[in-house]
Amino acid sequence: MRNYDLGLTLTSGQTFRWVRQQGAWEGVVGPHWVRLHVALEGIRAETAVPVTNWDWLAAYLQSRVNLEAVLKTFPPDAPLGAAVAACRGLRLLRQDPWECLASFLLSSTKQIVQIQQIIAMLCARYGSPVAVPPGHEPAFAFPCADRLAGCEEAELRACKMGFRARYLRAVAQKVTSGEMDLRRLAVLSMDEARSRLMELPGVGRKIADCVLLFGYGFQQAFPVDVWVMRALGRLYFRGRRVTGRRRERFVATHFGPHAGYAQQYLFHYMRTRGASRPRVAD
DNA sequence: GCCCAGGTGAAGC
DNA sequence: GCTTCACATGGG
């Protein structure tokens with residue numbers, strides 16, 4: 001697969017469970033432990049148990065997406081061009097909606113490293129073990145909603161998630177009870193699906209947009225966190241903050257049909273480039 | 001000690 | 001609509 005930077009994609013803050021081990025990437029996708037190697041001909045995958053149908057992995061990695069075609073839809077502006085040049089081969093994944101929702105519930109005002117730690121602890125304590133190669137350390141699936149719904153808030157807090165524990169527990173209970181049907185969101189319009197997600201406690205616009213983009217593949221979802229806020233302000237609005245209707249209109253019209261991809265490029269560009277530079281006024 | 005992190009909800013204008 | 005604050009926890 002050309003034009004796929006696996007390491008960049010797996011560490012770009014859309015997923016939190018991949019670990020680099022001896023030049024490869026190890027993680028769990030659904031019920032499968034996977035080790036991914038970057039090879040000349042593309043990405044090579046190993047599992048612990050034999051697999052005949054690899055569709056689930058291709059779907060997760062979005063490896064059949066024609067990235068060049070996506071990039072061609074971007075507006076030809078300088079900031080986005082610089083971001084694309086700096087992040088060649090950055091892709092969007094398609095993740096399980098429940099794992100995505102739960103993960104981003106835990107993401108608020110946390111650094112990516114800390115989100116990774118919280119989720120690792122949560123999976124080790126409450127996820128079902130999955131098959132791993134002989135002698136390999138144990139690996140776990142992401143805990144299902146039922147399991148987390150049955151946890152006490154204090155048990156979740158013990159995973160270092162702080163005030164987010166109450167939200168995670170409440171959302172897990174709504175998913176378990178069927179009050180929130182995550183599968184049904186896939187057939188709604190993006191705006192309807194977002195409204196439903198935002199009814200959940202602890203889920204605002206930003207987290208909802210992450211789930212719409214990373215979990216459901218709504219290409220126009222455009223999560224705005226502190227970094228993307230900075231990118232928009234500094235790169236497109238002459239250093240001024242943009243909020244509300246104005247921002248909404250801009251991101252909905254300026255970045256085209258794959259605005260979500262543009263967002264991911266700006267996010268990563270800002271997070272890596274911006275940090276090494278003295279901070280200017282937001 | 002300080003400020004910040006892939007935010008949200010409540011309260012106050 | 002907007003601003004401010006609390007909410008846990010850890011990194012720099």
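Sequence lines set the chain letters: A, B, ... in the order given, protein chains first and strands last, and positions in each chain run from 1.
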Would you classify [X] as touching base, sugar-phosphate or nothing, given that sugar-phosphate means primed atoms plus P, OP1 and OP2, and contacts are heavy atoms under 4.0 Å?
X: Ser103(A); answer: nothing
X: Phe16(A); answer: nothing
X: Val228(A); answer: base
X: Gly13(A); answer: base
X: Leu200(A); answer: sugar-phosphate

- Query: In terms of ring plane angle, is the pair Phe250(A) and Tyr236(A) parallel, tilted or perpendicular, where the classes change at 30° and 60°?
  - Reply: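 Phe250(A) and Tyr236(A): tilted rings.
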- Using the six-membered ring wherever Trp is involved, compare the ring planes of Phe255(A) and Phe222(A) and label them parallel, tilted or perpendicular (cut-offs 30° and 60°).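 Rings of Phe255(A) and Phe222(A): parallel, under 30°.
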Between [N] ([atom2]) and [X] ([atom1]): distance, integer Å:
X: Met161(A); N: dG10(C); atom1: CE; atom2: C1'; value: 15 Å
X: Phe163(A); N: dC5(C); atom1: CZ; atom2: C1'; value: 12 Å
X: Gln111(A); N: dA8(C); atom1: CD; atom2: P; value: 19 Å
X: Arg157(A); N: dT9(C); atom1: CZ; atom2: P; value: 7 Å
X: Ile115(A); N: dC4(B); atom1: CD1; atom2: P; value: 18 Å
X: Leu105(A); N: dC7(C); atom1: CG; atom2: C1'; value: 14 Å
X: Phe104(A); N: dA5(B); atom1: CZ; atom2: C1'; value: 14 Å
X: Arg241(A); N: dT4(C); atom1: CZ; atom2: P; value: 10 Å

- Glu153(A) or Gly244(A): which one's nearest nucleotide on DNA chain C is closer to the 5' end?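 Going by which nucleotide is closer to the 5' end, it is Gly244(A).
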- Do Val49(A) and Val132(A) belong together in a cluster built from hydrophobic side chains that touch within less than 4.5 Å?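 No: no chain of side-chain contacts under 4.5 Å links Val49(A) to Val132(A).
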Out of [options], whichever nucleotide has its closest atom nearest the side chain of [X]:
X: Lys160(A); options: dG6(B), dC7(C), dG10(C); answer: dG10(C)
X: Arg245(A); options: dG1(C), dC2(C), dG6(B); answer: dG1(C)
X: Lys110(A); options: dC7(C), dT9(C), dG6(B); answer: dT9(C)

- Message: Using salt bridge (charged side-chain N to carboxylate O under 4.0 Å, His left out), reason through Asp55(A) and Arg64(A) one step at a time and then give a plain yes or no.
- Response: CA-CA 10 Å; Asp55(A) 287 349; Arg64(A) 291 167 188 154; 3.6 Å; yes
Could you give the distance separating [M] and [N] at their [atom1] atoms, to the nearest angstrom?
N: dC3(B); M: dT4(C); atom1: P; value: 15 Å
N: dT8(B); M: dG10(C); atom1: P; value: 22 Å
N: dG1(C); M: dG6(B); atom1: C1'; value: 25 Å

- Message: Does either side chain, that of Ser189(A) or that of Glu192(A), offer a donor lying less than 3.5 Å from an acceptor on the other one?
- Response: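 The criterion, which ignores hydrogens and geometry beyond distance, is satisfied for Glu192(A) and Ser189(A).
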Answer yes or no: does a side-chain N or O of [X] lie under 4.0 Å from OP1 or OP2 of [N]?
X: Arg164(A); N: dC7(C); value: no
X: Arg230(A); N: dA5(B); value: yes
X: Thr109(A); N: dA8(C); value: no

- Hey, which of these two, Gln114(A) or Ile207(A), hits DNA chain B nearer its 5' end, going by closest nucleotide?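 With Gln114(A) and Ile207(A) compared, the 5'-side residue is Gln114(A).
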- Task: Indicate whether Phe267(A) forms a stack on dG6(B); treat it as stacked only if centroid distance is below 5.5 angstrom and interplanar angle below 30 degrees.
- Result: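 Whether judged by distance or by angle, Phe267(A) passes, so it stacks on the base of dG6(B).
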- Report the C-alpha separation of Glu26(A) and His136(A) in whole Å, then their side-chain angles, then the decisive distance to 0.1 Å, and conclude whether the side chain to side chain donor-acceptor pair (under 3.5 Å) test is met. CA-CA 11 Å; Glu26(A) 295 185 5; His136(A) 194 280; 2.7 Å; yes
- Item | Arg157(A) atom CZ, over 12 foreign heavy atoms within 6.0 Å |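 Yes.
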- Message: Between the base of dG6(B) and the side chain of Gln264(A), is there a donor and acceptor pair under 3.5 angstrom?
- Response: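 Present.
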- Between the side-chain atoms of Gln263(A) and the base atoms of dG6(B), is any donor-acceptor pair under 3.5 Å?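 For Gln263(A), whose side chain was compared with the base of dG6(B), there is a donor-acceptor pair (under 3.5 Å).
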